Amino acid sequence: MGKGITSREEDYSQWYIDLVKKADLAENSDVRGCMVIKPYGYSIWESIQQGLDKMFKDTGHVNAYFPLFIPKSFLAKEASHVEGFAKECAIVTHYRLKNAEDGSGIIVDPDAKLEEELIVRPTSETVIWNSYKKWIQSYRDLPLLINQWANVVRWEMRTRLFLRTSEFLWQEGHTAHATRQEAEKETLLILDVYADFVENFMGVPVVKGKKSEGEKFPGAVDTYCIEALMQDGKALQAGTSHFLGQNFAKAFDVQFTGKDGKLDYVWGTSWGVSTRLIGGLIMAHSDDEGLIIPPKLAPIHVVIVPIFKSDEELERITEKVDVISAELRRKGYSVKYDNRDTHKPGFKFAEYELKGVPIRLAIGARDLENGTIEMARRDTKEKKVVPFDEVTALIPPLLVEIQANIYQKAFKFREEKTTKVDSYEDFKKLLEEKGGFFLAHWDGTQETEAAIKEETKATIRCIPLDSPEEDGKCMYSGKPSKRRVLFARAY
RNA sequence: CGGGGCGUGGCGCAGUCCGGUAGCGUACCUGGUUUGGGACCAGGGGGCCGCAGGUUCGAAUCCUGCCGCCCCGACCA
């Protein structure tokens, strides 16, 4: 086990916190509920942004930016929406500070009260639809396919680094369409983009599905999601895509004239993923030695550690290393040469394992003599000595293999942890003993869903899109059911 | 917001019951020896003990109030 890292077996959530802090991804800020994302962690977020941003652009979306502040009246326009967020909003009430008369410090100037309070956005549907009203007159203005990268604030009672913080970073897409079909298609298109990204970049397999009435986004007609399974058997919602129907168009009076000259409300979607993905990435792959980051998101692909006894030896090693790092960089890989003489090689090995660098090369005097270099992969811990001249050719396919292996491992784990159950007794028993995903029949009522949640803490993660029609009986009520839904305890 | 725990050099902790002016590990700095899986030796710097009152000759320690953090629950991406 890594030094100072709690093992997963001993305490999974402490293990997670240890990794985030020790691998230098993030730390708790002195600002309650907020985190500082450190350079190494932010670099992962930048890779996520780059990957997703390209996919959004490739599917016709463009980026824009809307205000952080939302007038209270905007939020109030869509009833279920306000209700959904009311309990966790930060509110700006004043716009000026002043020195206290008694010299006790700086106070809020009571004379500088805002006429209308501003809400720090918990999400931007309302400000954005307020703009869309001005932008949309005709079917020719549609569709409107806009995304924004932003921060949002939800006043959380209990926070966990990356998984739940009061302020977090995300992207939120907001689109407007002329027809219901088109908006529904967009909702599912984005769901596919998310699933593609999470599986192929993050190496985390997901279940695509639809949320139950009880779990959907306030203000949406339908909420779709991708659900991932963490190593402790709990589910993590990794992304959501909402079909908003005409709810926001009606709330903000966004109408357009169709080809037929008739006036109609616009159809909308919204969708988002957040820095929470980083939490999922950690919990899906990493081990007791530290992070395991898939190559496609790794801030550093290859780290090179020289093993030397003298300056002269280091110079000879550096000369050789410069050749391969230049070549790897030319091919587009991120390479770090750690030639510090203040730490021993063993220390560096442990450090880069902790940080999840996919490939480590080590080269010393022995290798110089033999024309070799040691190549180690983080995911399997496998080490082998290879000819120096071949190493740059070996790395690209190895990175591909590591990416694939990480996914395969997570996929296999999910398969093993996905259980079909037909009785409530089995469900409760296996939920405790085994954890993971459960496919079970449900009568479709909110009452049953709530009762199961109350009794077991497990929720319906989604109604999987690919689940086949199958006659069965609800495991709780015994009423007829047409298909199985996905249950799990969740983050 | 309810229940529990904790605030002491950067980090992790001991000392608090039983008051006497702060210690350990680690990290840090300097010098030397080391370097193929988290080096060693020697020397050195750093803390008004969460904050504010009170008791006392004297408070990290006792009393009162406040603040913050962590864990468990309810709510949530």
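Residue numbering restarts at 1 for every chain, and letters A, B, ... go by the order of the sequence lines. Please read these numbers as outputs of a predicted model, since none were measured by experiment.
- Regarding F217(A), its CZ atom lies at a distance of 9 Å from the P atom of A77(B), rounded to whole Å.
- Put simply, K348(A) has no side-chain N or O that comes within less than 4.0 Å of OP1 or OP2 on G36(B).
- F162(A) places its CZ atom 19 Å from the P atom of A77(B), with the value rounded to the nearest Å.
- Using a 4.0 Å heavy-atom criterion, one finds that L354(A) contacts no nucleic acid atom at all.
- Nucleotides G54(B) and U61(B) are separated by 14 Å at their P atoms, to the nearest Å.
- If you check every strand for non-hydrogen atoms under 4.0 Å, A365(A) touches a base.
- The separation between E351(A) atom CD and A27(B) atom P is 13 Å, rounded to whole Å.
- In this structure, R360(A) reaches the bases: a heavy-atom distance under 4.0 Å links it to at least one base atom across the strands shown.
- Geometrically, K211(A) does not engage Y224(A) in a cation-pi contact defined by less than 6.0 Å to the ring centre and at most 45° from the axis.
- Using Watson-Crick or G-U wobble geometry with both donor-acceptor distances under 3.5 Å, C1(B) finds its partner in G73(B).
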Requested in this report: Evaluate the ring pair (Phe, Tyr, Trp, His ring centres under 6.0 Å) criterion for residues W271(A) and H61(A): first the C-alpha distance (whole Å), next the side-chain angles of each, then the deciding distance (0.1 Å), finally the verdict.
Outcome: CA-CA 12 Å; W271(A) 28 274; H61(A) 302 84; 5.1 Å; yes

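- A52(B) and G7(B) have their C1' atoms separated by 16 Å, with the value rounded to a whole Å.
- In this structure, NZ of K22(A) is placed 13 Å from C1' of G10(B), rounded to the nearest angstrom.
- T165(A) comes within 4.0 angstrom of a base, heavy atoms only.
- Figure legend. G36(B) is base-paired to no nucleotide; pairs are counted as Watson-Crick or G-U wobble with both atom distances under 3.5 Å.
- With a cut-off of 3.5 Å on both Watson-Crick or G-U wobble distances, the partner of G7(B) is given as C67(B).
- Judged by distance alone with a 3.5 Å cut-off, no donor-acceptor contact links the side chain of E374(A) to the base of G37(B).
- For the pair K21(A) NZ and C11(B) P, the computed distance is 11 Å after rounding to whole Å.
- Using a 4.0 Å heavy-atom criterion, one finds that L163(A) contacts the bases of the nucleic acid, with or without backbone contacts as well.
- The nearest whole Å value for the distance from the CZ atom in F349(A) to the P atom in G36(B) is 8 Å.
- A cation-pi arrangement is present between R360(A) and F349(A) under the rule of less than 6.0 angstrom and at most 45 degrees off the ring axis.
- Distance alone, capped at 3.5 Å, is enough to place a donor-acceptor pair between the R378(A) side chain and the E353(A) backbone.
- The CD-P distance, from E215(A) to A77(B), rounds to 8 Å in whole Å.
- As a whole-Å value, the separation of Y491(A) OH from C75(B) C1' is 18 Å.
- Within the 4.0 Å cut-off from OP1 or OP2 of G68(B), at least one side-chain nitrogen or oxygen of R32(A) is found.
- In terms of polar N and O atoms assigned as donor or acceptor, the side chain of K381(A) never comes within less than 3.5 Å of the base of G37(B) in a complementary pairing.
- Relative to the side chain of K457(A), the nucleotides A74(B), A77(B), G36(B) differ in distance, and A74(B) lies closest.
- In this pair, Y424(A) and F427(A) present their aromatic rings parallel. The plane angle is below 30°, not in the 30 to 60° band.
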